[in-house]
**Student:** 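Below: one structure in C-alpha cells.
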Amino acid sequence: MKILTIILKKIIFAFCIIYAFNLVVVGLELFIPMNIATLSVVSLLGIPGLLALVGVYYCLL
C-alpha cells in the first residue's frame, strides 16, 4: 500500500509539473501533451525528464 501511495504521488506531481509548464510557456508555442508516456517520463525522472521532453520536441521540429 505504501508503494502505491508513493507512485500515485509521483504521478500527481508529474501532472502538476507538466500542467504548470504548459501554462508558463504558452506564448512560446511549446506544448507537452498529457499522456501516459509523458507522465511516465516525468514521474520517473522529474524535472530533468521534462527538460528531456522539451529537447526531444525541439529536435523533432
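Only a predicted model underlies this, so the values are computations on that prediction, with no experimental measurement involved. Along the sequence shown, residues carry numbers from 1.
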**Student:** Can you confirm whether Tyr57 is buried at OH, in the sense that more than 12 heavy atoms of other residues, nucleotides or ligands lie under 6.0 Å from that atom?
**Tutor:**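 Yes, because the 6.0 Å sphere around OH of Tyr57 holds more than 12 heavy atoms from other groups.
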
**Student:** Nearest 0.5 Å please: distance from the CG atom of Leu39 over to the CD1 atom of Ile32.
**Tutor:**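 If I round to the nearest 0.5 Å, the distance is 11.5 Å.
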
**Student:** What pair of heavy atoms forms the shortest contact from Ile36 to Ser40, and how long is it?
**Tutor:**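 Here Ile36 and Ser40 meet closest at O-OG, 2.7 Å.
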
**Student:** For Asn22 and Pro33, indicate whether the former's side chain and the latter's backbone hold a donor-acceptor pair under 3.5 Å.
**Tutor:**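 Pair absent, no side-chain N/O of Asn22 close to backbone of Pro33.
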
**Student:** If you count heavy atoms of other groups shown closer than 6.0 angstrom to CG of Leu23, is the number above 12?
**Tutor:**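 Correct, the count exceeds 12.
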
**Student:** Would Thr38 and Asn35 satisfy side-chain contact (heavy atoms from CB on, under 4.5 Å), going step by step from the backbone distance to the final call?
**Tutor:** CA-CA 6 Å; Thr38 57; Asn35 55 34; 3.0 Å; yes

**Student:** Could you tell me the separation between the CE atom of Met34 and the OH atom of Tyr19, rounded to the nearest 0.5 Å?
**Tutor:**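 If we round to the nearest 0.5 Å, Met34:CE and Tyr19:OH are 8.0 Å apart.
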
**Student:** When rounded to the nearest 0.5 angstrom, what distance separates CG in Leu50 from CD1 in Ile18?
**Tutor:**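 Leu50 CG to Ile18 CD1: 6.5 Å, rounded to 0.5 Å.
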
**Student:** Hydrophobic clusters here meaning ILVMFWY residues chained together by side-chain heavy-atom distances under 4.5 Å, can you tell me if Val41 and Ile12 are in one?
**Tutor:**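 No, Val41 and Ile12 fall in different hydrophobic clusters.
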
**Student:** Does atom CZ of Phe31 have more than 12 heavy-atom neighbours from other groups under 6.0 Å away?
**Tutor:**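 Yes - once you tally the heavy atoms of other residues, nucleotides and ligands closer than 6.0 Å, there are more than 12.
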
**Student:** With clusters defined by side-chain heavy atoms of hydrophobic residues (ILVMFWY) lying less than 4.5 Å apart, directly or transitively, does Val24 cluster with Ile17?
**Tutor:**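 Yes, Ile17 connects to Val24 through the hydrophobic network.
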
**Student:** Within a reach of under 6.0 Å around CD1 of Ile6, are more than 12 heavy atoms found that belong to other residues, nucleotides or ligands?
**Tutor:**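 Atom CD1 in Ile6 is packed in, count exceeds 12.
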
**Student:** CG of Leu30 to CG of Leu53: how many Å apart, nearest 0.5 Å?
**Tutor:**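 Going from CG on Leu30 over to CG on Leu53, the span is 10.0 Å.
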
**Student:** Atom CD1 of Ile7 and atom CG of Leu4: how far apart are they, to the nearest 0.5 Å?
**Tutor:**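 Atom-to-atom, Ile7:CD1 and Leu4:CG are 6.5 Å apart.
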
**Student:** Using side-chain heavy atoms (C-beta onward) and a distance below 4.5 Å, is Val25 in contact with Leu28?
**Tutor:**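 Answer yes - side chains close enough.
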
**Student:** With a 4.5 Å cut-off on side-chain heavy-atom distances among I, L, V, M, F, W and Y, is there a chain of contacts connecting Phe21 to Val56?
**Tutor:**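 No.
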
**Student:** Using the rule that Ile, Leu, Val, Met, Phe, Trp and Tyr join whenever any side-chain heavy atoms are under 4.5 Å apart, tell me whether Val54 and Val26 fall into a single cluster.
**Tutor:**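 No; Val26 is not reachable from Val54 via cluster members.
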
**Student:** Please tell me whether Ile11 and Ile47 are part of a single hydrophobic cluster in this structure, the criterion being side-chain heavy atoms less than 4.5 Å apart.
**Tutor:**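 No.
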
